[in-house]
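All remarks here apply to the structure that follows.
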Amino acid sequence: MFAGGPREHAGGQRHPRADTAGDRARRLGRVARDDRPADVRDEAERRPDRRARLQGRAARYGREHRRAHRPRAGRGDAGAAGAVLEPTIGRHMAVERKHPLIPAREVDPRQELPGLEQAVLERWRERDVFAESVRTREGAPPWVFYEGPPTANGRPGSHHVLARAFKDIYPRYKTMRGYRVQRKGGWDCHGLPVEIGVEQALGLKSKADIEAYGIERFNAKCRESVFEYLEEWNRLTERIGFWVDLDDAYRTLDETYIESVWWALAQISRKGLLYEGHKVVPYCPRCGTALSSHEVALGYEDVVDPSVYVKVRLLDSDESLLIWTTTPWTLPGNVAIAVGPEIEYARVRYRDETLILAAGLVERVLGDEAEVVGSMSGDDLIDRRYVGPIFKLRGVGQQTYPVIGGTFVTTEDGTGLVHIAPAFGEDDFGAAAAVGLIDRNDAATLLNPVRLDGTYDDGVVGYEGRFVKDPSLTEELISDLDARGLLHKREDYEHSYPHCWRCGTPLIYYAKPSWYIATSKLRERMMAANETVGWHPPHIKHGRFGDWLRGNVDWAISRERYWGTPLPVWRCEAGHTHTIGSFAELERLSGRALDDHHRPFVDDVELPCSHDGCHARMHRVPEVIDVWFDSGAMPFAQHHVPFADAKTGEDLSPAAESFTTDAARFPADFICEALDQTRGWFYSLLAVSTLLFEQAPYRNVVCLGLITDAEGQKMSKSKGNVVEPWQVIDKFGADAFRWYFFTSKQPWDGYRFSEEAIGEGVRLFLKQLWSTYFFYVLYAGANQDVLQAPADALPADLDRWARSRTAAVAELVAERLDAYDATTAGRAIAELVDDLSNWYVRRSRRRFWDGDPAAFQTLRECLINVSKLLAPFCPFIADEIYDNLEGSLASVHLCDFPAGEALTERDEQLEEAMAIARETVRLGLGARAQAKIKIRQPLAEAIVVADGQERAAIERLSEVVREELNVRRVRFVEAADELGEYEAKANYRTLGPLFGKEMPLAAEAIAALDPTRVAAAVRNGEGIGISVGGREHTLTADDVILTMKAPDGYSVEREGAHAVALDLHIDDDLLREGRAREIVHAVQNARKNAGLAVEDRIELWLDGDEALTDAAQAHGDYLAGETLAVSLKAQHAEGAIPYPSRYSEQTEIEGLRLQIALRKHGV
RNA sequence: GGGCGAUUAGCUCAGUCGGUUAGAGCGCUUCUCUGAUAAGGAAGAGGUCCCUGGUUCGAAUCCAGGAUCGCCCA
């Protein structure tokens, strides 16, 4: 029957439109938007017409429906609908509702999601939900998350939303699984990026400028700038639903944090792993600073440099070594020539000279003029000596230099002979140190004729004070070599060479003293620790990260800068050093207490030398600590460990030990950052943790990929393709933003990011979910007495199916989230929602109209479970649905994740059966389409070919199939005989391994069998013997695949062994019924055209072709019922319509004329 | 120059242990059904699974080489 609701309540009282969640949300949305940056506000205001349109439509729609489906009990007291929207503050304060099963408030079908989210945020604030979600898990097993601290000196971008979305989903999920997940926020405050920002703001260009400006003032500016965008960060963090404790965030500039870092470094120093050494670093002579590897990577450019081949005369010989270099300016620093010990070298007669170079390069370097006259290995050359220096050095007479071995020597280009200048190359430095030419820890042994500003010192005769990267200098050097007969040839060489990303100056590699942590001694231990880590994606473990660990070199942790944790090393004139491990120790030794241990204050603190018998004063070394060490110390420094736990004194080891045994603080169960952190935070955490505690600081790492624009181009301000997060949030909402990141692809693959992509997710998933939820609330509102009735309703198969499907998805989602695979989990939820919306609700519509309690209970339960499953993904919409439908806890985020007992047991047979039934429907609809028979036209019979379990499944659900296909009967046939013929094919998967090379023959043999006989045999469980290549085999049911051949003369859709045929014979009875349905459709249209409300009763007159009026008469009750006609006159006669002036229209059905006239009843 | 990852329909992406005719969503065309759903359903068009070679009865899938893109490193 048509809805009882509207008919009975058509006369119900009007009531003022309730203040819906949507209204409230929109209000809040407007208020909140005003806080936003101007550009965001503008963006919002550019679309007023769209919003107005949506609201107008929503209001119109809502009004119609509220009239149509007015609840039986009436809602004159707006209590249930409106007043409850003021949530009460307090723990577990649930929404008041009439009855636990009745939704608390009405739902706007066109709800604008960003506005809704604002309202949910408000509710979270009022009910203190985040804190509560941690509090309620007090005493529960901890699950530890570490926040990788961003720097708040820039505005947050979309990639930060990505990271924060993933940093949120797993903690939320684990909380719902019963863990206690504390989430301390954090901010990275120190470092060169901060300094550079301030330098630019102040117009400072060099370190000298900074010192002239004053370190104290400079650092004060740095301190301010670090939090320049803190407010926006906080706002974005909250808005996207990243739950993290920002009020108690750690900050790397805090005194407590610095003290923990000092403690860590002192521990490392005590283990003998902190040392000062020389290393060759990329250095910008113009900026006067070494660059970190990250900075270097920013500045590679392809350039053409002149390269030179230089002849160097061996001692006591007429032979010359032919060396090759792309940096002639390093030749004055030459102290040796390296050969590859394994490489074969040739002695070559070339014009009037004898040259030595790698045998494999002779032709390339010398052409065919060269004549090889001998050969030797690299080993043979080692320890021979040559005469130098190549360029005249003040105070250095002619002397000899050695040929040494170097594993880095290759024959890919050059000559296989490498000139060694230890001050200007890492390999050079290492090779020279390895043979004792220099002492790593004694600067005096290093020949370095270049000053810090990149000019030669006075030792380079004739070139004093010249800038080494000056192209004209290079030319002069080359001419000089040529004039002295040392130049074999020059040629241009194209290569990529690093430049300073700030000023564009080519970098030079330059030996400088620097402080190091001997991490290379811990290589094995770090690799072992890495083995305990679950990486997502897994290839990082032994790929990018494992490789990095394997190639580990000592960590250069000092920076000659200003804004950072000061290096706590004090040194006296005699060279004794002492590493301070606490503020108390510093105070005790120096007698001075500091409020701020940053530079410059700490620079002035002097200590007496701690070495026995040395009475010199100690001064702090000038460097600050690499910011990566700050971040690596975060597991303990964020808690001021060990100081916060220590009772008294300076012996802090017990406190440190208790830290590593405290499961609530160490190690982390989960961290998540972008892929570029493999060399950054992922490494610094692991290194510091291995140094101090000899174990990995994290158990699971999720690595996120890069966000690019829709064309795959990197987002950059200069390209103007940056998608601002506020833009997206304002338009689609945070749930949509998050959903896109979670489900569009695996996060480590990177994103091609566009607004369209996010909009698609909203339309296909969030809107669909909302719409299903709206449907439930709408009908629940109109059937409150049904909901309050005792729950003794018998669920239909469809209900059991919906519950089982939900349980199946819940299992999968939990399993996938445990494996850090949000993508598969999210997609499964989307499929579930689609099933609920497009199958469960569609199939159950009539039951909702009729007020079947089982349908209400089922849909409500499924929606609540969906909201719980979805809570970690889309925390806003999930909470809104939960709060309205259930609300016994203050938030869905305080609920347990649906798992185990909380769910209905699965009925996998039913799930399977429904899948088969739906497939049958699909085939049947295909058959209809093929026959071009509209669904409105009923047919007598659908003939289904199905057997065994398939048949049982369809029979169980035959009502569904029957209704969907609009047929009177579903009939089964076992064999395809009535519908066509079988075709037997070989199952390659089972037979392939058996027959191997004979497989094609076997397939042929099976195809040649009589399919009917095969089908019969399979049905009866008999085997069929075949013989292929002399081999006998008995085929089982698994070995053959039976498919149907297309028959003639039927409308059949088939797929595999499954087929549906429709009886196309339409008798008069069916024809009349089909016509009646067409007439209903036409009358419904006429009602709409006449501007009637859905529940209006009509008087109806039909006139027209006799075939139609006959049908209308034959199905009068049906027609009247569907169209709410209190009276119906249908006749084929002139003047049959007495009131043409009310409303009438003429239409055609199947080419037959129909005149419809109607008027509203009771007017 | 080295390492890692990616490459499947116009677009965004799935694709299990190597197995029969490679899928989904969006978009497009046609039809259809609609008073929860700017929705749903059916059909159609659309594919050199980046290329070449190899292994195999059989390769999108495994191996080698190459191309292109991205990231990391030099």
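FYI, side chains are in, hydrogens and waters are out, and symmetry mates aren't considered; it's all heavy atoms of this structure. By convention in this document, chain letters (A, B, ...) are assigned in the order of the sequence lines, proteins followed by strands, and residues within each chain are numbered from 1. From a predicted model like this one, the values you see are computed outputs, not experimental measurements.
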Practice problem: Would you please name every residue forming a ring-ring contact (aromatic ring centres under 6.0 Å, His included) with A/F732, sequence neighbours left out? | Solution: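 Testing A/F732 for ring-ring contact (aromatic ring centres under 6.0 Å, His included), a comparison that skips the adjacent residues, returns none.
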Quiz prompt | Donor + acceptor pair across side chains of A/N884, A/Y773 (<3.5 Å) | solution =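 Side-chain D/A pair, A/N884 to A/Y773: present.
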Taking atom [atom1] in both [N] and [M], what distance in whole Å separates the two?
N      : M      : atom1 : result
B/rG46 : B/rC28 : C1'   : 9 Å
B/rG58 : B/rG18 : P     : 16 Å
B/rG27 : B/rC51 : P     : 29 Å
B/rU12 : B/rC50 : P     : 15 Å
B/rA6  : B/rG66 : C1'   : 16 Å
B/rG5  : B/rG65 : P     : 14 Å
B/rG23 : B/rU8  : C1'   : 10 Å
B/rC49 : B/rA22 : C1'   : 8 Å

Quiz item: What are the residues of residues 760-767 of chain A, sorted by number, that bring a heavy atom to within less than 4.0 Å of RNA chain B?
Solution: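 Contacts with RNA chain B under 4.0 Å: A/E760, A/R763, A/L764.
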Quiz item: Only one of A/T920, A/V921, A/I935 clears side chain to side chain contact (heavy atoms under 4.5 Å, CB included) with A/E964; which?
Solution: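 Of all the options given, the one that passes is A/V921.
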Taking atom [atom2] of [N] as reference, at what distance in whole Å does atom [atom1] of [X] sit?
X      : N      : atom1 : atom2 : value
A/L675 : B/rC4  : CG    : C1'   : 9 Å
A/H536 : B/rG5  : NE2   : P     : 17 Å
A/D749 : B/rG70 : CG    : P     : 16 Å
A/F545 : B/rG3  : CZ    : P     : 20 Å
A/N838 : B/rA42 : CG    : C1'   : 15 Å
A/I540 : B/rC71 : CD1   : P     : 15 Å

Quiz item: Looking at CG of A/N966 and CZ of A/R928, how far apart are the two atoms once the value is rounded to the nearest 0.5 Å?
Solution: 5.5 Å
Quiz item: To the nearest 0.5 Å, how far apart are CD in A/Q111 and CD1 in A/I877?
Solution: 9.0 Å
Hey, what are the protein-to-nucleotides 56-66 of chain B N/O distances that come in under 3.5 Å?
| unit_1 | atom_1 | unit_2 | atom_2 | d |
| --- | --- | --- | --- | --- |
| B/rC57 | OP1 | A/K997 | NZ | 3.0 |
| B/rC57 | OP2 | A/K997 | NZ | 2.8 |
| B/rC57 | O4' | A/G996 | O | 3.3 |
| B/rC57 | N1 | A/G996 | O | 3.1 |

Give the nucleotide from the list [options] with an atom nearest to the side chain of [X].
X      : options                : value
A/R110 : B/rU37, B/rC33, B/rA36 : B/rU37
A/R827 : B/rA36, B/rA14, B/rG3  : B/rA14
A/R842 : B/rU34, B/rC4, B/rG40  : B/rG40
A/R845 : B/rG3, B/rC33, B/rA36  : B/rA36
A/L925 : B/rC13, B/rA42, B/rC33 : B/rA42

Short side-chain N/O contact to [N] OP1/OP2 from [X], under 4.0 Å:
X      : N      : result
A/R936 : B/rU34 : yes
A/R752 : B/rU12 : yes
A/R928 : B/rU32 : no

Quiz item: How are the rings of A/Y751 and A/Y740 set relative to one another: parallel (under 30°), tilted (30 to 60°) or perpendicular (over 60°)?
Solution: tilted
Quiz item: Where does the angle between the aromatic ring planes of A/Y497 and A/Y509 fall among parallel (under 30°), tilted (30 to 60°) and perpendicular (over 60°)?
Solution: perpendicular
Quiz item: Looking across every strand, which nucleic acid part, if any, lies under 4.0 Å from A/V841 by heavy atom: base, sugar-phosphate, or nothing?
Solution: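 Answer is base: heavy atoms of A/V841 come under 4.0 Å of a base.
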Quiz prompt | Sugar-phosphate only, base, or nothing, as touched by A/T772 at under 4.0 Å among non-hydrogen atoms | solution = base
Exercise. Might you work through the salt bridge (Lys or Arg N to Asp or Glu O under 4.0 Å) test for A/R922 and A/E919, ending with a clear yes or no?
Key: CA-CA 5 Å; A/R922 196 178 69 76; A/E919 177 66 12; 3.1 Å; yes
Quiz item: Any N or O donor-acceptor pair linking the side chain of A/S771 to the base of B/rA39 at under 3.5 Å?
Solution: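 Under the 3.5 Å cut-off, the side chain and the base do not form any donor-acceptor pair.
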Exercise. Give a yes or no on whether A/E1004 atom CD has more than 12 heavy-atom contacts from other residues, nucleotides or ligands under 6.0 Å away.
Key: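 No.
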Exercise. Any chance you could encode RNA chain B as dot-bracket? Rule is Watson-Crick or G-U wobble with both distances under 3.5 Å; [ ] for pairs crossing earlier ones, | for another strand.
Key: (((((((..((((.....[...)))).(((((.......))))).....(((((..]....)))))))))))).
Quiz item: Among all residues two or more places apart in sequence or in another chain, which pass the salt bridge (charged side-chain N to carboxylate O under 4.0 Å, His left out) test with A/D305?
Solution: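 For A/D305, no residue satisfies salt bridge (charged side-chain N to carboxylate O under 4.0 Å, His left out) once neighbours in sequence are set aside.
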Self-check item: Taking every non-hydrogen atom, the tightest pair across A/A855 and A/F848
Solution: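 For A/A855 and A/F848, the tightest heavy-atom pair comes out as O-CZ, 3.5 Å.
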Quiz item: Taking all atoms of both residues into account, what is the closest heavy-atom pair of A/F775 and A/L859, and its distance?
Solution: CD2-CD2, 4.2 Å
Exercise. List in chain and number order the residues that pass side chain to side chain contact (heavy atoms under 4.5 Å, CB included) with A/E673, two or more places apart in sequence or in another chain; answer none if no residue qualifies.
Key: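 Applying side chain to side chain contact (heavy atoms under 4.5 Å, CB included) to A/E673 gives A/K167, A/Q677, A/W681, A/F682.
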